[in-house]
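One structure below.
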Amino acid sequence: MEEIDFAGIEKKWQDRWAAEGVFEAKTPGAGSREPGAGKGPYYVLEMFAYPSGEGLHMGHAFNFVIGDVIARFKMMQGFNVLHPVGYDSLGLPAENAAIKVGTHPADYTNTNIPNFMKQQKGLGLSYDWSRMVSTASPDYYKWDQWIFLKMLEKGLAYQKVSAVNWCSKCNTVLANEQAQSGSCDLCGTKVEMKQLKQWFFRITDYADELYSNLDNMNWPEKTKAMQRNWIGKSHGTEIDFLIENQSGVSGFRGFGVSDELGGKGEGENGSRIHADSRGLGIGNVVIVHGCPGDEEKSLNPETRTYDKHWIPWIRKNLKESEIAVEVPMMPVPWKARYDDWKKEFDKKVDVNENSVLIGHSCGCSFLVRWLREAKKKVKKLILVAPWKIAESGGAEKGFYDYEIDKDIGKRVGNIVIFSSDDEEEDGKKSAVIFRDALGCKIVELKEHGHFTQGDMGTEEFPELLDEIIEPRTLADSRGQGKVWKIFTTRPDTIFGVTFMVVSAQHSRLDELVIEEQRGKVEKFLSRINSVSEKDVSNLEKEGVFSGSYAVNPATGERVPVWIGNFVVADYGAGMVMAVPAHDARDFEFAKKYGISIKEVVADEENGTQINTDKHRLDEAFTGVGKLINSGEFDGLDSVEAKEKISDWLIEKGVGRRVVNFKLRDWGISRQRYWGTPIPVVHCSECGVVPVAEKDLPVRLPKEVKFGEGNPLESAEDWLNVKCPKCGGEARRESDTMDTFVNSSWYMMRFCDAHNDKEIFDKAKVKYWCPVDFYVGGAEHACMHLIYSRFYVKFLRDLGLIDFDEPAVRLFHQGMINDEKGEKMSKSKGNVVEPLETMAKYGVDTTRYFLLSMAAPDKGFNWSDKEIAGSQRFVRKVYEFFASNEVKDMGDGFEDSAEVLSRVNLAIRDVGEGIEKMELRAVTIKLKELFNFLGKQDRVSKESREKALKLLVPFCPHVCEELFEVLRGNRKQVIGNRDFVSLASWSKVDESKIGVRRKELGVSLNEGVIERIKKVVSDNTEAVYVYAMPFEVSKIDGSKISEEVGKKVTVFSVSNSEKIDPENVAKRAKPGKPAIYVCK
RNA sequence: GAGGGAAUGCCGGAGCGGUCAAACGGGAUAGACUCAAGAUCUAUUGGCUUUCGCCUACGGGGGUUCGAAUCCUCCUUCCCUCACCA
């Protein structure tokens, strides 16, 4: 038999596709033709590949081929298809190669990319190569930096010191996702904890939208479930617990540890209770004073008293609550203008998202203007007796003549204005101006005038203090101590709280530990700290008593506060109320340490006896039941009680309904070289200063030292720069960005891949995006796919794009393993090389095989044996066309009804199958079709062409070749652009389908007659026929009666009035009614 | 513990209320071709039966229906993801 030169065919068509630019996508617009057949754009994208040194593996090939089938199918359907390709080329392996082998990451990357390209081109993928991007190129990462600056501007990028997962081998910070199971994702080294100042993206700002949008997305349920789980939204109640300990004056000294747990507190002390700064999440309080009032005094820095009237009082009180207060001395407003104040302010004060800003008089005016320009996020803004009437104070005019930015409210958690009923007219007007512009409330106090010295009551200013720290008035349990908030989803069990547990990693742990317990606690902590945070899952619950007690706001009971290893420090408040009777973890803990257990929800099914005996229960009852031991709430259903008790706590001022997320901010800092440099500089004078947009990109320096910490720290020339703000000595940020940054927005860059003026042309992105069909591995469900969703929302809020999600449809391909079902890996030596397979069996065979082995979302075990089947099929198709070529006499030959039916059925099924991503089923349909056609003596040219087109997305090379055969008898091609890849998809002729079904209908009556004749006899009284409901109308009872010579009655099988003593009706089948003969 | 998915003939795997003893592939058996092997082709591949047909079958139990591999319910087993998130 003649050998088919598949390699030659592949090369021929790949070259032609490239030469003709067959797959280059055109964005419509001025000058360019309207592409496609008017069906509009369709964007197919396979996930960004990292060009590793190992080259393409089968998983990649599977991923790409799936995307290619969709892209090619959509092209043939007449869509204007964008099917781009690029490389996520920044990343660790390149740097590891530098350390290991001494290759520069750039060289490593530059050798790998062409290798990838060669393999991808070899697969015959329909990529638009003209749009190729590589993230390691400054042309690309410039825009990563640009986005970073925008994040910074909007307060979404910030720095904080945080404990990070540190891999000592990679010398880098790992995201929690990359440090699962306690060891480094990349090298397997055990992860350590380290405190570092890190850059973060405030993804949590979008937590709610990221969560709730999932409901409307056409993404796999599994992925959405994983994201929901990851974001972890939970509704609950935040409840204040008053903590009493030795440092208070309540007299709880020297109590025993375990014997008196849960005893009633007798302490009662009426002094004011405030939560402290960290409990409230207050970073610092910044007070900007107003004008000192006396010209002479205030002009002299020595004598002027900027810090007076109520300011000392508030300062003292805040300090007592351990809140940092800053009261910068500002230049005299008589002389100075806004800019002078700003300079002074920026120099002296560190404002962050947890700051509370307080202004007085013209200080208010300054702060509002400052917020407008700095675009900072802060926790709270309090304006005391604000002033903004330009006419009234000529010298101060510089402060007042500006527009108030109405968006300040979006960046500031809360804004409050204090005014007084006896304030001057202009002052009252000013308050209203601010209120109307900022949309906040005015708190009007009595007889405070302008809140300056000399007016009554302004030296003590408790309203302000309350506003800053929002004290919880503990209705039933005032006492000395501090308020700690806890988060619970089970407020209905609050009467069953018998202890509290605070995380061993909590930053305020110290405050809870009394002297007597210190030794034990320290011993406990040293044991805990030796265990990596991520190893916690299988740990036995352990704890130690802190010595403090908490007052249950519902009952007034004092319960011990324990320190536990099972409480997560940075979720909720880092402390939990423990209800051992109704929570398995609390139960385990209580049992272990002999803490009392109090039941408050009755398990009605299993009959709880009301019994608070310490160790009666065998396990916690976490189900729904009726409340007991819960005071006025007894008898309520626990679901209902959740609401009722929450309301009650809120009313008492000790609770709030809150929503908590598991999602944490995205730490993007990496102490690594091969990533996007973070475009800021650190100036000793000005602090963190962003690099100007015009100076982007900040390029990676080529000459660095690898192997010892962050390579960028070795590039002194690069590090040392002038401060963009003051021109002084400054140093570049040496952290680079997480590479997930690069892949978070690349789908948009593809729409305008080589734009050097802006990140992309809005119109182009609007035309193509979002991605219509996104294909990639399920392993990205939680990282890439959440980050990318976040980026899209951010870019949308910047006004650059107008859609909410990166991809309309998402598809995860399955995993390909070796024959034994084991993961393929270099170290195991079981890798099947796509290039080898392609060379051995042909590209089309390889493609077809990949798709026919399993449903694309399932994956399979590679088997060389079974690829033979695919090869046989491709060869069969080839030979079918080759041999039919001879038979094509051009004599107007017409196909049989059956052939037409089969062909049209296939057109319909293949199209629908691709649309539904049932690609494996489609490969089977194609096999059936060509097996059938191969058995026919002759098939018309038209039908052959229709059938061939169905195969194009799967086996494009052979199809192009055969199309050429069909069209021009192999000799000439009709026109340059006569590619079957661009041919239009065959249309279904529904009328030709289903001949067999019709034939079935015709024979129905005959069949019944024949069968009755066989069984009927002289003594037959009557015959009953039971047919399928949809067939009853096709059966002609009278005709049959006539033919058979007996009375024949036809029933529907579902007719309840049928006469069927032997219940034979159940044997009826479509096309074959059941028959009962009555004797 | 939470969530997602799956269980079909020798194997992989279709199937989405009736044309289901169950697609397609692999394997196996027989036959054709060949000196022979390979490749290729053809047929068979749950049981009983010459055919019509009947019986037993889609993890297990129960149910809905005239009718269930397909729908509901409980159970068992397996895989995946997250996991002390209060």
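Labels below follow one simple rule: chain letters A, B, ... track the order of the sequence lines, proteins then strands, and each chain is numbered from 1. Excluded from the calculations below are hydrogen atoms, water molecules and symmetry mates; all remaining heavy atoms, backbone and side chain alike, are included. Keep in mind the model is a prediction, meaning the values are calculated, not measured.
- Atom CG in A/Leu929 sits roughly 19 Å away from atom P in B/A23 (whole-Å rounding).
- Within the shown strands, nothing qualifies as a pairing partner of B/A68 under the Watson-Crick or G-U definition with both distances less than 3.5 Å.
- Of the candidate nucleotides B/C82, B/A86, B/A14, B/A86 has the atom nearest to the side chain of A/Val568.
- In this entry the distance linking NZ of A/Lys662 with C1' of B/A83 reads 7 Å, nearest Å.
- Using a 4.0 Å heavy-atom distance criterion, A/Lys222 is classed as a sugar-phosphate-only contact.
- Across the P atoms, B/C75 and B/A83 are found 27 Å apart, a figure rounded to whole Å.
- Between the side chain of A/Thr493 and the backbone N or O of A/Val579 there is no donor-acceptor pair closer than 3.5 Å.
- Atom P of nucleotide B/C82 and atom CG of A/Asn229 are separated by 9 Å, given to the nearest angstrom.
- Nearest nucleotide to the A/Thr489 side chain, out of B/C84, B/C82, B/A86: B/A86.
- Looking at heavy-atom distances under 4.0 Å, A/Met1028 makes contact with a base.
- Taking atom C1' in both B/A6 and B/A21, one finds a spacing of 24 Å when rounded to whole Å.
- Taking 3.5 Å as the limit, the base of B/C24 and the side chain of A/Lys927 contain no donor-acceptor pair of atoms between them.
- Rounded to whole Å, atom C1' of B/A22 lies 13 Å from atom CD1 of A/Ile924.
- The pair A/Glu879-A/Lys876 fails the salt-bridge criterion, with no side-chain N (NZ, NE, NH1 or NH2) lying under 4.0 Å from an Asp/Glu carboxylate O.
- Separating the P atom of B/U77 from that of B/C84 is a span of 25 Å, rounded to the nearest Å.
- A salt bridge links A/Lys233 to A/Asp208: one of the charged nitrogens lies within less than 4.0 Å of a carboxylate oxygen.
- Here the nucleotide nearest the side chain of A/Glu918, chosen from B/U40, B/A23, B/G15, is B/G15.
- Using a 4.0 Å heavy-atom distance criterion, A/Ala225 is classed as a sugar-phosphate-only contact.
- The partner of B/U50 cannot be assigned: no Watson-Crick or G-U wobble pair with both contacts below 3.5 Å exists in any strand.
- Under the Watson-Crick or G-U wobble criterion, with both distances below 3.5 Å, B/A2 is paired with B/U81.
- When atom types are taken as modelled, the side chain of A/Thr846 and the backbone of A/Gly842 share a donor-acceptor pair closer than 3.5 angstrom.
- Rounded to whole Å, the P atom of B/A28 lies 41 Å from the corresponding atom of B/C82.
- In this structure, A/Glu221 atom CD and B/A6 atom P are separated by 12 Å, rounded to whole Å.
- Distance check on atom C1': B/G67 versus B/G9 gives 23 Å, rounded to whole Å.
- Put simply, A/Ser234 has a side-chain N or O that comes within less than 4.0 Å of OP1 or OP2 on B/A86.
- Using a 4.0 Å heavy-atom cutoff across all strands shown, A/Lys233 reaches no nucleic acid atom at all.
- Remark: B/A21 base-pairs with no nucleotide in the shown strands. Criterion, Watson-Crick or G-U wobble with two distances under 3.5 Å.
- Out of B/A86, B/G12, B/C66, the shortest distance to the side chain of A/Arg920 is found at B/G12.
- By the neighbour-count criterion of 12 heavy atoms within 6.0 Å, atom NZ of A/Lys222 is sparsely surrounded, having that number or fewer from other residues, nucleotides or ligands.
- B/G1 atom C1' lies 19 Å from atom CZ of A/Phe589, rounded to whole Å.
- Dashed line: the shortest gap from a side-chain N or O of A/Lys858 to OP1 or OP2 of B/A14 is under 4.0 Å.
- Comparing B/U40 with B/U76, their P atoms sit 48 Å apart, to the nearest whole Å.
- For the P atom pair drawn from B/G13 and B/A57, the interatomic distance equals 25 Å after rounding to whole Å.
- With a 3.5 Å ceiling on both atom-pair distances, the Watson-Crick or G-U wobble partner of B/C41 is B/G31.
- Taking the charged nitrogens against the carboxylate oxygens, A/Arg228 and A/Asp215 do have a contact shorter than 4.0 Å, which makes a salt bridge.
- Across all strands shown, A/Val567 has heavy atoms under 4.0 Å from base atoms, whether or not it also approaches the sugar-phosphate.
- Comparing A/Lys865 and A/Thr488, the nucleotide of RNA chain B nearest to each residue sits closer to the 5' end for A/Lys865.
- The closest donor-acceptor contact from the side chain of A/Tyr848 to the backbone of A/Thr923 lies under 3.5 Å.
- If you measure from atom CG of A/Leu851 to atom C1' of B/G12, you get 16 Å, rounded to the nearest angstrom.
- Counting to the nearest Å, the C1' atom of B/C84 and the NE2 atom of A/His582 are 19 Å from each other.
- Nucleic acid contact for A/Gly869: sugar-phosphate only, since backbone atoms but no base atoms lie under 4.0 Å from a heavy atom of the residue.
- A salt bridge links A/Arg657 and A/Glu643; the closest N-O separation between the charged side-chain nitrogens and carboxylate oxygens is under 4.0 Å.
- Nucleotides of RNA chain B nearest to A/Met853 and A/Thr923 differ in position, and the one nearer the 5' end is that of A/Met853.
- As rounded to the nearest Å, B/G60 and B/A23 have C1' atoms that lie 27 Å from one another.
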